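Worth saying up front: this structure is predicted, and the values here are computed from it rather than measured. A note on names: the letters A, B, ... follow the listed sequences, proteins ahead of strands, and every chain is numbered from 1.
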There are 2 protein chains.
Amino acid sequence: MPKAKYESIYLQIRKDITSGKYEFGDYLPSENEYAERFACTRNTVRRALSILTGEGYLQPRHGRGVQVIYQKEQEKNLFTVGGIESFAETVRRNHRKAETKVLAFREIEADDVISHRTGFEVGARLYYIERLRLMDGIAVIRDTNMYLMSEAPGLTPEIAARSIYRYLEDELHMTITTSRRRVTAEKPTPEDLACMDLSEYPFVLVVSGQVFNSNGVLFEYTQSRHRPDLVCFTETAVRQKL
Amino acid sequence: MPKAKYESIYLQIRKDITSGKYEFGDYLPSENEYAERFACTRNTVRRALSILTGEGYLQPRHGRGVQVIYQKEQEKNLFTVGGIESFAETVRRNHRKAETKVLAFREIEADDVISHRTGFEVGARLYYIERLRLMDGIAVIRDTNMYLMSEAPGLTPEIAARSIYRYLEDELHMTITTSRRRVTAEKPTPEDLACMDLSEYPFVLVVSGQVFNSNGVLFEYTQSRHRPDLVCFTETAVRQKL
DNA sequence: GCCGATTTGTCCGTATGTATC
DNA sequence: CGATACATACGGACAAATCGG
């Protein structure tokens with residue numbers, strides 16, 4: 001699957017870390033040793049290591065070696081925004097029953113209001129999708145998504161009810177590269193109140209973001225309005241001077 | 001100040017982006033042109049560009065060029081967690097008056113409850129600090145921090161009232177590399193209610209995290225409890241295969 | 001404290017592949 | 001098809017930090 005050499009090295013070392021072969025605090029073999037072992041130059045090893053460093057797995061220490069700082073997380077909250085976990089996966093992990101209700105599915109054109117909020121160009125043709133996410137029959141998330149039709153053609157309400165990402169990746173062979181997210185607390189809108197049981201929560205946590213594909217095209221704008229007690233947002237930040 | 005060549009190139013290009021010289025959607029000069037302009041190899045240019053890509057500023061497009069995908073954020077919320085902005089900087093950016101009140105300053109030892117929550121080893125000697133952050137006289141954040149004494153010696157209440165990070169960086173010459181953060185919504189504790197004006201907000205947004213220094217040592221655990229209307233949490237995730 | 005070996009950090013120059021126009 | 005631009009990889013050189021003898 002991985003065609004680039006640095007990528008297969010990256011995958012191999014990551015597996016050694018997540019499988020527990022190297023634990024928190026351990027030092028990896030030296031770059032020179034890896035270079036020999038993988039039959040490549042030190043530069044190529046360093047590239048793989050730099051990705052792992054950027055992902056928070058490793059901490060290189062000048063003159064000493066490269067240390068593992070990855071630890072298995074202790075998950076408590078239901079929804080972990082920030083990872084790559086989808087709604088369905090999250091629900092499954094918690095042994096609940098997932099359901100998705102499509103509230104709206106339209107084709108629209110971006111006007112300047114939409115453009116300003118989402119980053120799409122004025123006049124761009126978009127799919128506009130509203131969905132309600134239910135867990136064990138309780139509405140917990142209200143999603144609004146917009147997809148650039150030229151990049152994600154062929155979307156249907158049926159796909160929206162199942163998994164849009166599976167369609168994009170498996171059918172359209174699209175790969176996602178950069179995404180931006182913002183989390184804010186907002187007062188619920190009438191629509192929020194109509195859809196979700198927010199009786200004791202006078203706020204919703206709003207996660208909005210843009211997603212770019214590997215062509216560098218902004219193709220998705222997404223906004224998820226969460227019941228505040230169920231969401232958890234995680235981040236790993238690295239001073240990336242490597 | 002920047003000693004490494006790639007770093008000064010990084011800073012220069014970033015400045016060109018944030019200053020608006022290049023806008024969202026524009027293409028940067030080619031790597032070869034930059035290499036000539038900065039009198040270095042394409043590799044060095046690529047390194048600077050790769051950092052900017054990892055930070056969400058750029059989107060390289062194979063065969064075409066490198067596109068700017070940075071947009072000036074529409075800052076509505078006061079506090080942007082996720083960036084590297086300190087409380088004082090945020091307040092200054094909003095032209096407000098900052099104040100920090102130290103509520104507690106103790107030396108403690110990590111028991112197993114603390115250890116489990118923070119990641120410090122049992123028995124580790126820690127500074128325990130509680131602070132209240134005031135903006136224009138209004139309490140908006142309640143901070144609880146713990147620092148590993150062996151890595152951050154010499155902390156005092158006076159330093160805590162000013163800037164701990166300035167002390168760590170300037171006096172102890174410590175550099176921060178990796179940090180992990182979690183954001184959750186929680187019911188306010190009696191302490192929260194006593195310290196902050198939360199009358200209309202039955203929730204606080206809790207940002208907790210671990211910080212590693214360049215020695216790879218977990219030296220800080222931090223928890224900030226925010227009034228929900230004032231915080232904004234941003235993240236840029238990149239599938240970093242660059 | 002010095003020296004040499006090891007290890008990571010920075011940078012160069014070059015070659016080749018692949019996508020776009 | 002050729003020119004341009006980014007992507008991958010090689011190999012080498014020297015600097016800087018660490019560690020053991």
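Distance A:Lys5 NZ to C:dT18 C1': 18 Å, rounded to the nearest Å. When the P atom of C:dT7 is taken as reference, atom CZ of A:Arg46 falls 14 Å away, rounded to whole Å. Rounded to whole angstrom, the span from the CG atom of A:Asn43 across to the C1' atom of D:dG12 amounts to 10 Å. Distance A:Ile51 CD1 to D:dT8 C1': 12 Å, rounded to the nearest Å. Rounded to an integer number of Å, the gap from OH of B:Tyr27 to P of C:dT20 is 11 Å. Spacing between atom CZ of A:Arg47 and atom C1' of C:dT10 amounts to 17 Å, rounded to whole angstrom units. Distance OH (A:Tyr6) to C1' (D:dA7): 8 Å, rounded to an integer number of Å. Between the CZ atom of A:Phe38 and the P atom of D:dC10 there is a distance of 13 Å, rounded to whole Å.
From one end of the helix from C:dC2-D:dG21 to C:dC21-D:dG2 to the other, with five pairs defining each end axis, the axis direction shifts by 10° (rounded to 10°).
Below the 3.5 angstrom threshold, one finds a donor paired with an acceptor across the side chain of B:His62 and the base of C:dT18.
Map A:Gly63 and A:Thr41 each onto its nearest nucleotide of DNA chain D; the residue landing nearer the 5' end is A:Thr41. With the nearest nucleotide of DNA chain C identified for both B:Cys40 and A:Arg42, A:Arg42 has the one nearer the 5' end.
Applying the 6.0 Å contact sphere to CZ of B:Arg162 captures no more than 12 heavy atoms from other residues, nucleotides or ligands. In B:Glu23, the CD atom is not crowded: 12 or fewer heavy atoms of neighbouring residues, nucleotides or ligands sit closer than 6.0 Å. For CD of A:Glu121, the number of neighbouring non-hydrogen atoms (other residues, nucleotides, ligands) closer than 6.0 Å is 12 at most.
For A:Tyr221 and A:Phe120, the ring centers sit 6.0 Å or farther from each other.
Side-chain N/O atoms of A:Arg64 include none lying less than 4.0 angstrom from OP1 or OP2 on D:dA17. For B:Thr44 and C:dC12, the shortest distance from a side-chain N or O to OP1 or OP2 is below 4.0 Å.
Among the nucleotides D:dA7, C:dG9, D:dA9, the one closest to any side-chain atom of B:Glu31 is D:dA7. When distances are taken from the side chain of A:Asn32 to each of D:dA7, C:dT8, D:dA9, the shortest belongs to C:dT8. Comparing D:dT8, D:dA5, C:dC11 against the side chain of B:Ser30 picks out D:dA5 as the nearest.
With no hydrogens or angles considered, a side-chain donor-acceptor pair links A:Thr100 and A:Arg133 at under 3.5 Å.
To the nearest 0.5 Å, the span separating CD on B:Glu220 from CD on B:Gln210 amounts to 10.5 Å. Note: B:Asp26 CG to B:Ile69 CD1 = 13.0 Å, rounded to the nearest 0.5 Å.
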